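Data block below; observations after.
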Number of protein chains: 2
Amino acid sequence: MRIAELSERAGVPIPTIKYYLREGILPRGEPTGRNQARYGAEHVHRLRLIRALVTVGGLPITTVREVLAEVAEPGLGLHTKLGLVMRRIPLVGTDIEPEEEDRERALAFVARQGWFFYEDHPAMDALAVVLAGHREAGHPVDDASLDRYAAAIEQVARVDLDRVGDLPTSEEVLEAAAAKTVLGDTLFTVLRRLAQIDESAKRYLDEDEHRSARED
Amino acid sequence: MRIAELSERAGVPIPTIKYYLREGILPRGEPTGRNQARYGAEHVHRLRLIRALVTVGGLPITTVREVLAEVAEPGLGLHTKLGLVMRRIPLVGTDIEPEEEDRERALAFVARQGWFFYEDHPAMDALAVVLAGHREAGHPVDDASLDRYAAAIEQVARVDLDRVGDLPTSEEVLEAAAAKTVLGDTLFTVLRRLAQIDESAKRYLDEDEHRSARED
DNA sequence: CTCTCATGGGTAGCAACACTATCCATAGTG
DNA sequence: CACTATGGATAGTGTTGCTACCCATGAGAG
């Protein structure tokens, strides 16, 4: 197919497709002449993936390029490779500089959970930054809450990894992992909000009704 | 204190403070003359809160204004008010239009969990959008995974609401809830990444080591 | 009281980001 | 053979979150 059909099928405007081609996040089609190229189903799939990562996952274009390039790069074991892909996905817009105190809490936390971790992993930095952010905002997180979160999150990570492993090629595993991580972050945020609504309703809804009854 | 000291204590440059004043997300100081005003500790606190919401939570400035304005607005019961504050916090950059199928799955999901919900709540739309995103990206989420996520998230929401309720004034409760929701989204993402690393290590690290041993 | 520098307030400018629009030589198509 | 579509490049646009500059006024040092 040519660009018009690709645009049609993926639901992405032609100028945007050209932009992605320029940026190297969508591979060029197979050239069939000086100014013609043929695109395939994999281009449609890639475009839809990019759109989802950008709009739903909120990933910057440059990161999409890095992540997809890393996925395509062959070699190494699955855990190692997965780790490399994950490192590309940004976690926090660093501007807040964590104190030593925050870094120590981050380390103590993972140690307390008995989690396997790398001391210099960006996610560890990010944890320190987030703890610092809470503290600076005047709403610090206490260790007890952190530990209760951790117990729940372990379940989540188990689900995350469960279905991914049995895909045929390691490139498919990596793409699925990247997509499910990025989109899963958003999914997760949404589910948390829904669960909060439920929890808040269970705790305070009666109260509110009594209150508005009193106000009548 | 005057602006220089405020800037110093909050760690925010003077031009940025002026910008926040213009945008109405930082209240004006008490005027002491035609071009003088006095700022207090509450301004320092507010500035730090704004910085955390923007840099760690990734909230747009306009949303910060809306959220803080909503928190300051008095009246109504706590659940109702909390709901109004939460509605201000954006969940997804809508560009993907969910299919009927996605909306139905979203509704079926909350019904299956027995969660209290509002059919037209932005979080319900967001869930449909996220499900659509996964599907369009070629990595749909199955109901079984969704349900397992839900079980874990219920725990999280319980922790979220546990410590907030016993603050003295309802404005404090609301600010805390808003801050912990926004910053908590980021915290959560980071914890998930750390838990994924642990889970991936537990599953694949041995494999990787054997593999690199074979490659020696 | 005067000199100097800081302040509040406003307007304009800037860098990054994610597209869009325009242009042009060439290809495919009726 | 006319005429639209294509690939490729270069330039422009709108939004966001600041940053720089300007100016009249005010505070504080000497």
Side-chain angles (χ1 to χ4, degrees), chain A residues 1-40 43 47 49-68 90 92-96 182, chain B residues 1-40 43 46-68 90 92-96 182:
Chain A
M1 84 189 78
R2 294 191 299 171
I3 203 170
E5 194 184 342
L6 178 59
S7 162
E8 182 70 26
R9 294 223 287 209
V12 176
I14 293 179
T16 305
I17 294 178
K18 289 185 171 186
Y19 168 63
Y20 290 161
L21 288 168
R22 277 201 305 282
E23 292 296 308
I25 64 180
L26 182 70
R28 301 266 174 203
E30 192 192 340
T32 65
R34 202 160 315 184
N35 68 336
Q36 296 285 290
R38 192 163 311 132
Y39 303 95
H43 290 92
L47 266 179
L49 177 61
I50 295 169
R51 290 312 299 159
L53 293 178
V54 168
T55 66
V56 178
L59 228 56
I61 290 294
T62 53
T63 306
V64 173
R65 180 178 41 230
E66 289 172 11
V67 169
L68 293 179
V92 279
T94 52
D95 178 54
I96 283 182
V182 173
Chain B
M1 85 190 79
R2 295 193 299 174
I3 203 170
E5 192 183 342
L6 178 59
S7 162
E8 181 71 24
R9 294 224 285 211
V12 176
I14 292 178
T16 305
I17 295 178
K18 290 185 170 185
Y19 168 62
Y20 290 160
L21 288 168
R22 277 201 304 282
E23 291 296 308
I25 64 178
L26 182 69
R28 301 266 174 204
E30 192 194 338
T32 64
R34 202 161 314 183
N35 68 336
Q36 296 284 289
R38 193 164 310 132
Y39 303 95
H43 291 91
R46 173 61 74 96
L47 266 179
R48 287 210 242 253
L49 177 61
I50 295 169
R51 290 311 300 159
L53 293 177
V54 168
T55 66
V56 177
L59 228 57
I61 290 292
T62 53
T63 307
V64 173
R65 180 177 41 230
E66 290 172 10
V67 169
L68 294 180
V92 279
T94 52
D95 179 56
I96 283 181
V182 173

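Quick caveat: nothing in here was measured; it's all calculated off a predicted structure.
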Please name all residues satisfying salt bridge (charged side-chain N to carboxylate O under 4.0 Å, His left out) with B:Arg22, sequence neighbours left out, ordered by chain then number.
-> none

Could you tell me the separation between the OH atom of A:Tyr19 and the CG atom of A:Leu26, rounded to the nearest 0.5 Å?
-> 12.5 Å

Measure the angle between the two terminal helix axes of the helix from C:dC1-D:dG30 to C:dG30-D:dC1, five base pairs each, and quote it to 10°.
-> 10°

Contacts to DNA chain C from residues 47-65 of chain B, heavy-atom cutoff under 4.0 Å, which residues?
-> none

Residues of residues 12-24 of chain A with any non-hydrogen atom less than 4.0 angstrom from an atom of DNA chain C: list those, numerically ordered, please.
-> A:Pro15, A:Thr16, A:Tyr19, A:Tyr20, A:Arg22

What is the per-nucleotide protein-contact pattern of nucleotides 25-30 of chain D, from the 5' end, where B denotes a base atom under 4.0 Å from a protein heavy atom, S denotes such proximity for sugar-phosphate atoms only, and - denotes neither?
-> BSS---

With sequence neighbours left out, the residues meeting salt bridge (charged side-chain N to carboxylate O under 4.0 Å, His left out) with A:Arg28 are none

Looking only at heavy atoms, the pair that brings B:Ile61 and B:Val54 closest together is CD1-CG2, 3.8 Å

Short side-chain to backbone donor-acceptor contact, B:Arg38 and B:Thr32, under 3.5 Å = no

Sequence-distant partners of B:Ala37, side chain to side chain contact (heavy atoms under 4.5 Å, CB included), two or more places apart = B:Tyr39

Are the side chain of B:Arg65 and the backbone of B:Gly24 linked by a donor-acceptor contact shorter than 3.5 Å?
-> no

Identify, with sequence neighbours excluded, every residue that meets side chain to side chain contact (heavy atoms under 4.5 Å, CB included) alongside A:Pro31.
-> none

Between CD1 on residue B:Ile3 and CD1 on residue B:Ile17, distance to nearest 0.5 Å = 5.0 Å

What are the two closest heavy atoms between A:Leu21 and A:Pro27, and how far apart are they?
-> CD2-O, 3.5 Å

With sequence neighbours left out, the residues meeting salt bridge (charged side-chain N to carboxylate O under 4.0 Å, His left out) with B:Glu5 are B:Arg9

Set of salt bridge (charged side-chain N to carboxylate O under 4.0 Å, His left out) partners for B:Arg48, sequence neighbours left out = none

Distance-minimising heavy-atom pair for B:Ser7 and B:Val12 | OG-O, 2.7 Å

So, do B:Leu49 and B:Leu68 sit near enough that their side-chain heavy atoms are less than 4.5 Å apart?
-> yes

Mind checking what makes side chain to side chain contact (heavy atoms under 4.5 Å, CB included) contact with B:Thr55, not counting sequence neighbours?
-> A:Asp95, A:Ile96, B:Arg51

Can you give the first and last nucleotides of DNA chain C, 5' to 3', that have an atom under 4.0 Å from a heavy atom of chain B?
-> C:dT7 to C:dT11

